[in-house]
There are 2 protein chains.
Amino acid sequence: MDIKKFSALAGVSTATVSRAFSGNGRIKEATRERIFKLAEKHGYVPNIHAQRLNARRSEIIAVYYSFSSAPIFDYYNMELAQEIAKAAGARGYTTNLELTQRTDEPSAGLQRAATGGGLDGIILVADSRESAQAFVKRFKRLPVVVVANHDWVLPEAAALVRIHQASGIREAVAEMKAAGHTRIGFIHGMADEGKHRAFLEALRANQLDDVGAPTARGPLSFEDGERAIAELLSQNVSAVLCSTDILALGAMSGATKRGLRIPEDLSIVGIDNLAFSAFTSPPLASVGIPRTEIALTAVEALHQLVQDETAAPGAPSRQLIHTVHTRFISRRSLGAAPNG
Amino acid sequence: MDIKKFSALAGVSTATVSRAFSGNGRIKEATRERIFKLAEKHGYVPNIHAQRLNARRSEIIAVYYSFSSAPIFDYYNMELAQEIAKAAGARGYTTNLELTQRTDEPSAGLQRAATGGGLDGIILVADSRESAQAFVKRFKRLPVVVVANHDWVLPEAAALVRIHQASGIREAVAEMKAAGHTRIGFIHGMADEGKHRAFLEALRANQLDDVGAPTARGPLSFEDGERAIAELLSQNVSAVLCSTDILALGAMSGATKRGLRIPEDLSIVGIDNLAFSAFTSPPLASVGIPRTEIALTAVEALHQLVQDETAAPGAPSRQLIHTVHTRFISRRSLGAAPNG
DNA sequence: CTGAAAGCGCTTACAG
DNA sequence: CTGAAAGCGCTTACAG
C-alpha cells in the first residue's frame with residue numbers, strides 16, 4: 001500500500017495524505033483525522049526512504065570510536081554509547097552502532113552511509129588528536145562532533161566536547177595526599193598523555209614528588225593491570241592511580257594475589273567510574289566521567305550543526321566547544337596510608 | 001552532485017553510471033573504471049535513500065530487547081549487541097542501537113522505521129514468552145528473529161534462536177557436587193524460570209535434594225545479590241548458583257562483607273560469563289553463553305528470512321529453530337566444600 | 001483548504 | 001554494451 005493507492009482509497013490527493021502525515025501545510029482537521037483512521041485501518045505508513053530522499057536528511061547518526069591503535073569497545077565506551085543513543089533518541093535521531101576492526105579504516109557501511117546521505121552526522125569518540133583529525137578530514141562534508149580529552153585543540157572540528165580529566169584527577173590526588181599517601185604510582189592506559197600530565201600536575205599542586213613518581217604501562221586489559229601493579233609494588237608505592245577502571249581492577253587483583261589487602265596495604269584509584277566499579281570488592285574509588293552530560297552535550301551540538309547546515313548549507317560556522325568536568329568518587333579502595 | 005549532473009559530466013547516461021556502481025547489468029570494464037575515477041575525483045557517491053527506495057530494502061536491522069518488566073540494557077546485553085552488530089556488519093547490514101524506557105512500547109523511532117520500510121528485520125532478545133509474542137504480533141510484516149531461553153515454544157516467531165541454559169547449568173551443578181557441595185542455593189534473576197527449572201533438574205540428576213534447595217530472589221542488581229546471599233547464608237548453603245553474573249558478584253561482595261572467604265567458606269557460580277568475570281577476585285566461575293554463536297546464528301536466520309521474503313513475498317515459510325548450548329566455565333570462585 | 005504536476009536521485013526493463 | 005524513459009513513493013511550490 002503506497003500513497004497513491006491509499007489516497008485514491010481515501011478519496012483525496014496524495015498531497016493531502018502527505019500533509020496529513022507530515023504536519024506541513026494547511027489541512028482541515030476533519031480530513032486529517034479521517035485519513036489517520038483510514039491509514040490505521042488499512043495499515044498505511046509512509047515509506048521512510050521516500051521521505052528521506054525528499055528531505056535529504058536521514059535522522060540517523062552514528063557513534064564512532066577512533067582509537068590510536070587497537071580498537072577498544074569496552075565497558076566504558078559501551079556505557080557512553082548507551083547514553084548517546086538515549087540522548088539522540090530524545091532528539092528524534094536513531095543511532096547506528098558502529099563497530100570496526102580497523103581503527104584507521106571506517107567500516108564500509110559507515111563510509112557508504114556517511115557519504116551517501118545515510119547519516120546526518122557522527123559523534124566521534126577519539127583518544128588521539130591525530131586519529132580525530134584524520135577522521136574529520138575524511139568526512140569533511142558531514143557534521144562531526146568530537147568527544148575528546150581536555151587539552152586538545154582541534155581547529156578542524158566543527159564541534160568539540162572536551163572531557164576535563166584534570167579536575168577529577170586533581171581531586172583524587174588531593175584525597176590520596178589527605179589519606180597520608182606520599183608515594184603514588186601511575187598505571188598508563190592507551191593514549192593517556194593528558195591524564196598522566198594531569199596526574200603530574202596534581203602531584204606538584206600537592207607538594208608531592210612528581211619527578212620520581214613510579215610509573216608502569218598498562219595499557220589495556222585486566223591482565224595488563226595485574227602485570228603493571230607487580231612492577232609498581234617493587235617501587236614501594238602505597239597508592240596507585242590507574243588510567244582506567246579496568247586497569248585498576250587488574251591492579252587490585254594482582255595486588256591481592258600477592259597477598260596485599262586493599263586498602264589496608266595498598267590503595268587503588270581508577271578513572272572512568274564504570275557502573276560495576278561501585279560493586280567490586282572493595283568498591284573502587286574512581287574519577288567519574290559525566291557520561292550523561294557528555295552525551296547530551298554532544299547530541300545537542302550535533303543537532304546544532306545539522307540545523308546550521310540546513311539553514312545555510314556550506315556556510316562556515318563558529319566552532320562549538322564544550323567542556324565537561326570529571327569528579328573524584330570516593331570508595332573503599334582508597335584508604336589511609338599503611339604507616340601514615 | 002547527483003547522478004544526472006555526474007553522468008552528463010562523464011558523457012554517459014544515468015543508466016550506465018548506475019550500472020557501474022550497482023554491479024548489476026553489463027558494462028564495459030573500461031567505462032566502469034573511467035566512471036569510478038571520475039566519481040572519485042568529483043566526489044560523486046550514489047544517494048543511499050534513492051537506492052533504498054528502489055530496492056525496497058534498507059540493509060539495516062535493529063537489535064531490540066524486550067523484557068518482562070524493567071528494561072535492562074546491562075553488560076550482558078551490551079556484549080551480545082556488540083556481537084550481533086559485528087555479525088550483521090559482516091553480512092552487509094548496519095545495526096541500530098535501540099534503547100527504550102518502556103518495555104511494552106517500542107520507541108517511536110523503532111516503530112516508524114519498522115513499519116515504514118526503514119528496517120529489513122529485527123533481532124529480538126526477549127526474556128519472556130509473552131513479551132516476545134506481543135512484539136512479534138506487533139511487527140507482523142517484518143522478519144523477526146527471537147533470541148530466547150531454551151524451553152520456549154513460539155509458533156508465531158518465524159525464527160527462533162534458543163539458548164540451552166540447561167546444558168551449562170547441569171555441568172555447573174555436577175562440578176559443585178564433585179567439589180563436595182551437597183547443599184546448593186539459588187539466587188533468582190528476572191524471568192528465569194527456565195534457569196531455575198534446569199537447576200532443580202540438575203540437582204535431581206546429581207542425586208541432590210531439589211525440594212529443599214534454598215532459594216532467594218535477586219532479581220537484578222549487585223545490591224540484590226548482596227541482599228539475597230544474606231538470606232541464603234542463614235540457610236546453611238555451601239555453594240550458590242546465581243541467575244546472572246551481576247547477582248553473583250553481588251553475592252560474593254555480600255559474603256565477603258560478612259567475613260566469609262570465597263571459595264574457602266562459600267562457593268559462588270554465576271550465569272552469563274561476562275567479559276570481566278574472569279578478572280574479579282576471585283575469578284567467577286560461570287555458565288558461559290556462546291554470544292558469538294548466538295549472534296552469527298541470529299543474523300544468518302534473519303538474513304534467510306529477508307531473502308525468503310524477497311524471493312516470495314508473503315509466502316509462509318518453515319519456522320527456523322536453532323539451539324545453542326551453554327557450558328560451565330570453571331574458575332576459582334568454585335572450590336571444595338568447607339568440610340567435605 | 002485541496003489538487004495536479006514536477007521533482008527528490010536512483011534503477012531497470014526495454015530497445016537497439 | 002549503452003541509452004531513453006518509466007517507475008520507486010514521497011513532498012511541495014503553484015494554482016485555485
Side-chain angles (χ1 to χ4, degrees), chain A residues 1-36 38-39 42-60 112-120 141 309-310 313, chain B residues 1-36 38-39 42-60 112-120 141 309-310 313:
Chain A
M1 169 83 65
D2 63 11
I3 198 173
K4 229 157 154 185
K5 279 205 197 87
F6 177 69
S7 57
L9 194 149
V12 296
S13 71
T14 61
T16 300
V17 171
S18 173
R19 286 193 272 255
F21 278 95
S22 70
N24 301 333
R26 330 220 128 277
I27 183 173
K28 205 175 6 174
E29 190 48 36
T31 8
R32 177 206 292 281
E33 275 172 20
R34 204 163 56 72
I35 288 176
F36 277 2
L38 234 55
H42 296 275
Y44 169 71
V45 180
N47 180 288
I48 205 165
H49 299 126
Q51 290 185 318
R52 289 172 176 169
L53 174 56
N54 267 289
R56 280 171 291 296
R57 190 119 276 144
S58 67
E59 312 272 84
I60 299 178
R112 180 72 192 82
T115 52
L119 246 34
D120 284 357
R141 341 273 311 243
E309 181 62 25
T310 309
Chain B
M1 167 85 65
D2 63 11
I3 199 174
K4 226 155 156 189
K5 280 208 197 86
F6 176 70
S7 57
L9 195 149
V12 295
S13 70
T14 61
T16 300
V17 170
S18 173
R19 286 193 271 257
F21 278 95
S22 69
N24 301 332
R26 332 220 126 278
I27 183 173
K28 205 175 7 174
E29 189 49 37
T31 4
R32 176 205 295 280
E33 276 172 20
R34 206 163 53 74
I35 288 176
F36 277 2
L38 236 54
H42 296 275
Y44 169 71
V45 180
N47 180 288
I48 207 166
H49 298 127
Q51 290 184 320
R52 289 172 176 170
L53 174 56
N54 267 290
R56 277 170 293 295
R57 190 118 277 146
S58 67
E59 313 272 83
I60 300 179
R112 180 72 193 83
T115 51
L119 245 35
D120 286 356
R141 340 272 312 243
E309 181 62 25
T310 310

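Given the structure is predicted, the values throughout are model-derived calculations rather than measurements. Residue numbers begin at 1 in each chain, while the letters A, B, ... track the order of the sequences. Only heavy atoms go into these numbers, but all of them, side chains included; no hydrogens, no water, no symmetry mates.
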A.B. asks: Using whole Å, what does the distance between atom C1' of nucleotide C/dA6 and atom NZ of B/Lys4 come to?
C.D. replies: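 That distance rounds to 10 Å.
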A.B. asks: Output the distance between atom OG1 (B/Thr310) and atom CZ (B/Arg56), rounded to the nearest 0.5 Å.
C.D. replies: 10.5 Å
A.B. asks: Rounded to whole Å, please give me the gap between CZ in A/Phe21 and P in D/dT12.
C.D. replies: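 Those two atoms, CZ and P, are 15 Å apart.
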A.B. asks: Go through C/dT12, C/dG9, D/dC10 for me and flag the one nearest to the A/Tyr44 side chain.
C.D. replies: D/dC10
A.B. asks: If you find the nucleotide of DNA chain C closest to B/Ala15 and the one closest to B/His49, which residue's nucleotide is nearer the 5' end?
C.D. replies: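 Looking at DNA chain C, the more 5' nearest nucleotide goes with B/His49.
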A.B. asks: Closer than 4.0 Å, any side-chain N/O of A/Asn24 to the OP1 or OP2 of D/dT12?
C.D. replies: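 Indeed, a polar side-chain atom of A/Asn24 lies that close.
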A.B. asks: Grab the CD1-P distance between B/Ile48 and C/dC8 for me, whole Å please.
C.D. replies: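 So the two atoms are 20 Å apart, to the nearest Å.
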A.B. asks: Base, sugar-phosphate, or nothing for A/Val17, non-hydrogen atoms under 4.0 angstrom?
C.D. replies: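 Nothing, no heavy atom under 4.0 Å.
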A.B. asks: Could you identify the nucleotide paired to C/dT2, looking across every strand shown and requiring Watson-Crick or G-U wobble geometry with both distances under 3.5 Å?
C.D. replies: D/dA15
A.B. asks: Send over the distance from B/Ile35 CD1 to D/dC1 C1', rounded to a whole Å.
C.D. replies: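 Taking CD1 of B/Ile35 and C1' of D/dC1, I get 12 Å after rounding.
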A.B. asks: Any side-chain N or O of B/Thr31 less than 4.0 Å from the OP1 or OP2 oxygen of D/dT2?
C.D. replies: yes
A.B. asks: Whole Å only: how far is the CD atom of A/Glu59 from the P atom of D/dC10?
C.D. replies: 17 Å
A.B. asks: Once you apply a heavy-atom cut-off of 4.0 Å, does A/Thr16 come out as touching a base, just sugar-phosphate, or nothing?
C.D. replies: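 Sugar-phosphate, backbone atoms only, no base.
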A.B. asks: Closer than 4.0 Å, any side-chain N/O of B/Asn54 to the OP1 or OP2 of C/dG9?
C.D. replies: no
A.B. asks: Starting at the 5' end of DNA chain C, which residue's closest nucleotide do you reach first, A/Glu29 or A/Thr14?
C.D. replies: A/Glu29
A.B. asks: Output the rounded distance in Å from CZ (A/Arg26) to P (C/dG3).
C.D. replies: 16 Å
A.B. asks: Starting at CD1 of A/Ile60, measure out to CD1 of A/Ile48 and round the result to the nearest 0.5 Å.
C.D. replies: 7.0 Å
A.B. asks: Taking atom P in both D/dA13 and D/dG9, compute the distance separating them and give it to the nearest angstrom.
C.D. replies: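 Those two atoms are separated by 23 Å.
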A.B. asks: Is the ring pair A/Phe21/A/Tyr44 parallel, tilted or perpendicular, if the boundaries are 30 and 60 degrees?
C.D. replies: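 Perpendicular.
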A.B. asks: Rounded to the nearest angstrom, tell me the gap between atom CZ in A/Arg112 and atom P in C/dC10.
C.D. replies: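 These atoms are roughly 9 Å apart.
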A.B. asks: First locate atom NZ of B/Lys28, then atom CZ of B/Arg19, and finally report the distance between them rounded to the nearest 0.5 Å.
C.D. replies: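 Interatomic distance, B/Lys28 NZ to B/Arg19 CZ, rounded to 0.5 Å: 13.5 Å.
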A.B. asks: Calculate, to the nearest 0.5 Å, the distance between atoms NE2 and OG belonging to B/His49 and B/Ser58 respectively.
C.D. replies: 10.0 Å
A.B. asks: Within the structure shown, what part of the strands sits under 4.0 Å from A/Leu53 by heavy-atom distance: base, sugar-phosphate, or nothing?
C.D. replies: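 Counting heavy atoms under 4.0 Å across all strands, the contact made by A/Leu53 includes a base.
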A.B. asks: Respond yes when some side-chain nitrogen or oxygen of B/Gln51 is under 4.0 Å from OP1 or OP2 of C/dG9, and no when none is.
C.D. replies: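 It does not, given that no N or O in the side chain of B/Gln51 lies less than 4.0 Å from OP1 or OP2 of C/dG9.
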A.B. asks: What is the distance from CZ of B/Arg57 to P of C/dT12, rounded to the nearest Å?
C.D. replies: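 Interatomic distance, CZ of B/Arg57 to P of C/dT12: 13 Å.
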A.B. asks: Between the base of D/dG3 and the side chain of B/Arg19, is there any donor-acceptor pair under 3.5 Å?
C.D. replies: yes
A.B. asks: Say you pick atom P in D/dA5 and the same atom in D/dC1; how far apart are they, in whole Å?
C.D. replies: 23 Å
A.B. asks: Return the CZ to CG distance between A/Arg112 and A/Leu119, rounded to the nearest 0.5 Å.
C.D. replies: 11.5 Å
A.B. asks: Return the nearest nucleotide to the side chain of A/Ser13; candidates are D/dT11, D/dC10, C/dG3.
C.D. replies: C/dG3
A.B. asks: Quick one: is D/dT11 close enough that its OP1 or OP2 comes under 4.0 Å of any side-chain N or O from A/Ser22?
C.D. replies: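 No, A/Ser22 has no side-chain N/O under 4.0 Å of OP1/OP2 on D/dT11.
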